[in-house]
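Since the structure is predicted, the reported quantities are computational estimates derived from the model, not experimental observations. Residues: numbered from 1 along the sequence shown.
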Amino acid sequence: MESKFLRGTFFLTAATLISKILGFIYIIPFTALVSTQGYVLYKYAYGPYTILLSVSTIGLPLAVSKFVSKYNEVGNYQVGLRLLRYGMYLMVITGTLSFATLYLTAPFLAGLVIDPNDSTGNSLEDVQFVIRLVSFALLIIPAMSVLRGYFQGNQSMGPSALSTVIEQLVRITFILAGAYVTIHVFKSSLTNAVGVATFAAFIGGLAGFITLIFVFFKRRKLIKKQRDESVNNQDLNVRLMFKELIGYAVPFVITGLAIPIYQNIDTFTINKLFQSIGYDLYQAETINSVIGLAQILVMVPVSLATAFGMSLIPGITSAFNSGRMLEVHNKISQTIQILIFFTLPAAIGLCILGRPIYIMVFGLENSPDIGGGILEWYSLAAVVFALYTVTAAIMQGINQQKKLVIGIFIGIGLKIVLNYLLVPYLDEVGPILATYIGFTTSILYNVYIIKNTIHFKILPLLKTLRSVLLLVVLMSLSVWGTEVLCKIWLPEAFSLYSRALLTAVISIITGLLVYLGFGSKLSLAKGLLNKKSKNH
């Protein structure tokens, strides 16, 4: 049973990683098809959709997984099916309400980003159109996520893994093929191409849902047999069940929404802020789009590092609940060391190589001058986002969910105010600094609560990070030196793109060799990884 569970967990983790990689890679050909003007239109639709998707599911899939597993353990398989049935009913209701909300508020949301008197960029009608098309996905994704939670609660990760990959593959294929055919075959507008791309969320969700339904019906005899043979079948009061589930899940939803909320603040305030200081709509939308593209690059190291570091969080929760405080302290220190070890060099590398990396990924047609500069400034957000994610998870592990939510709202409030205060003076750097200050405030608040709750000592942790900082300095010097040498030695006959590509690749390889090479000599990487493996 344990080997089956571990195998299933591996497949689910691999499927999630594949999905994230695909979700990053497709942006490259998509932006080549629709340019920054098309991508910002896509961003207008997906921003509010992401938030409403989280709100509509209210954290129930994760809670269903936990509850099904809990009751299966005591031989009550009937309650799992009851949870699934009523969870599906609830998700259909919340999904429909979210769909209606997004569909009906499309004109209002369009009005937040588009000035109808400025015709240099996308129109109000364009934005309404793409928002309304993406809203249809809310009719199906919430119900699908509950079914995934049910399978995972039964320690059957395969169906979730399969549906995750199929959903992403179908969605991305529909996005790229649909946009290409719309533009190059039907010779239709950019707006229609982006509309097809946003509707892909519904098509991908439908494919994933059909996959899960197929597996469920294929296994229905086994599921019925498990229920009928259960020795402790009991019914639960539905109202009390959902009260407990939702009460447990809501803080997790708010925590998970923090980064999307920050991104949506930028999406829906930047245009008018920049227009107020003399930019036309086209210029404002270009900055808006490029900030979104920079966020995608920054989130790559964040996703990988947090997936690695967050695997220690369940151990923190277990140790805290058992009163093993020394173990809690050690695991927190270890988690943050791992996080900094992976994210800090990636962030510094992005900062040094902002322009060549941006050109390498997004080409010369998507505002490389602005994009390179924004990526350089935005790069350190990788560290900030990762630290926020982990400190938030630690707060949940030590039962400080309510205080965590307070810290999130303080940071969001600062972000909104500072966007308005900084943009008139710092232009495109303004929203980036506002993001740093907002998130850093939430992180410091989290650290303060953690320190006071479990008497965690910060100074010893900082001392353990000195070796990482030394390594990062050595790596940074090697990357910077390599970039300078590439500028000098690469022939002028090479195209601008070729020079950027070679500079980025050679500098990244040099940085990796120096970082991992010196790290192994100092036994730092081996020490961190060995500690992690021992905890498993």
Side-chain angles (χ1 to χ4, degrees), residues 27 30-31 34-51 105-131 134 189-191 193-195 197-198 260-298 354-355 358 362-378 381 415-436 438:
I27 290 293
F30 182 61
T31 51
V34 300
S35 74
T36 51
Q37 284 302 106
Y39 179 72
V40 78
L41 195 56
Y42 182 79
K43 190 181 167 197
Y44 294 150
Y46 260 87
Y49 162 76
T50 301
I51 289 179
T105 58
F108 168 75
L109 293 171
L112 292 177
V113 292
I114 300 299
D115 179 358
N117 299 315
D118 189 332
S119 60
T120 59
N122 290 297
S123 68
L124 280 167
E125 292 74 21
D126 294 339
V127 179
Q128 289 178 39
F129 175 67
V130 295
I131 290 176
V134 80
S189 66
L190 191 67
T191 301
V194 176
T198 56
I261 287 173
Y262 273 78
Q263 292 171 341
N264 273 276
I265 290 169
D266 283 341
T267 298
F268 286 94
T269 62
I270 279 177
N271 288 1
K272 293 194 174 178
L273 278 172
F274 278 91
Q275 285 179 282
S276 71
I277 59 172
Y279 288 70
D280 62 31
L281 180 58
Y282 178 84
Q283 293 169 323
E285 287 195 309
T286 298
I287 292 170
N288 203 337
S289 179
V290 167
I291 285 178
L293 295 175
Q295 287 167 348
I296 291 169
L297 288 172
V298 164
R355 180 178 165 82
Y358 185 91
F362 299 116
L364 295 169
E365 297 79 25
N366 291 306
S367 309
D369 292 328
I370 299 174
I374 285 176
L375 182 57
E376 288 170 4
W377 278 96
Y378 211 95
K415 164 67 176 172
I416 294 170
V417 171
L418 289 172
N419 259 25
Y420 284 91
L421 292 178
L422 296 179
V423 166
Y425 300 99
L426 299 173
D427 294 339
E428 61 266 21
V429 176
I432 299 171
L433 290 182
T435 295
Y436 284 152

Exam field: side chain [X] to backbone [Y], donor-acceptor pair closer than 3.5 Å:
| X | Y | result |
| --- | --- | --- |
| N264 | P260 | yes |
| S289 | E285 | no |
| K43 | N288 | yes |
| S123 | D126 | yes |
| D118 | L281 | yes |

Please find the pair of heavy atoms, one from [X] and one from [Y], that lie closest to each other, and give the distance.
| X | Y | answer |
| --- | --- | --- |
| I277 | P424 | CG2-CA, 3.8 Å |
| V130 | A45 | O-CB, 3.6 Å |
| G363 | P368 | O-CB, 4.3 Å |

Steps toward side-chain contact (heavy atoms from CB on, under 4.5 Å) verdict (N271, Y279): CA-CA 9 Å; N271 288 1; Y279 288 70; over 6 Å; no
How many angstroms lie between [atom1] in [X] and [atom2] in [Y], if you round to the nearest 0.5 Å?
| X | Y | atom1 | atom2 | result |
| --- | --- | --- | --- | --- |
| N419 | T269 | CG | OG1 | 4.5 Å |
| L364 | D369 | CG | CG | 9.5 Å |
| Y44 | L112 | OH | CG | 11.0 Å |
| E376 | I432 | CD | CD1 | 10.5 Å |
| T120 | Q275 | OG1 | CD | 7.0 Å |
| D427 | F274 | CG | CZ | 6.0 Å |

Please report the C-alpha distance between L375 and F362 in whole Å, then the side-chain angles of each, then the deciding distance to 0.1 Å, and finally whether the side-chain contact (heavy atoms from CB on, under 4.5 Å) criterion is met. CA-CA 12 Å; L375 182 57; F362 299 116; over 6 Å; no
Heavy-atom distance under 4.5 Å between the side chains of [X] and [Y], does that happen here?
| X | Y | value |
| --- | --- | --- |
| L433 | L418 | no |
| N366 | V290 | no |
| P431 | V423 | yes |
| Y39 | I27 | yes |
| T435 | D266 | yes |

When you look at L109 and F268, which way does the side-chain contact (heavy atoms from CB on, under 4.5 Å) test go after all the steps? CA-CA 8 Å; L109 293 171; F268 286 94; 4.1 Å; yes
Walk me through whether T286 and Q283 qualify under side-chain contact (heavy atoms from CB on, under 4.5 Å). CA-CA 5 Å; T286 298; Q283 293 169 323; 5.6 Å; no
Are Q263 and Y46 close enough that a side-chain donor and a side-chain acceptor fall under 3.5 Å? no
Would you say the side chains of Y282 and Q37 form a donor-acceptor pair under 3.5 Å? no
Under 30°, 30 to 60°, or over 60°: which ring-plane class applies to Y436 and Y378, parallel, tilted or perpendicular?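 Geometry flag for Y378 against Y436: tilted rings.
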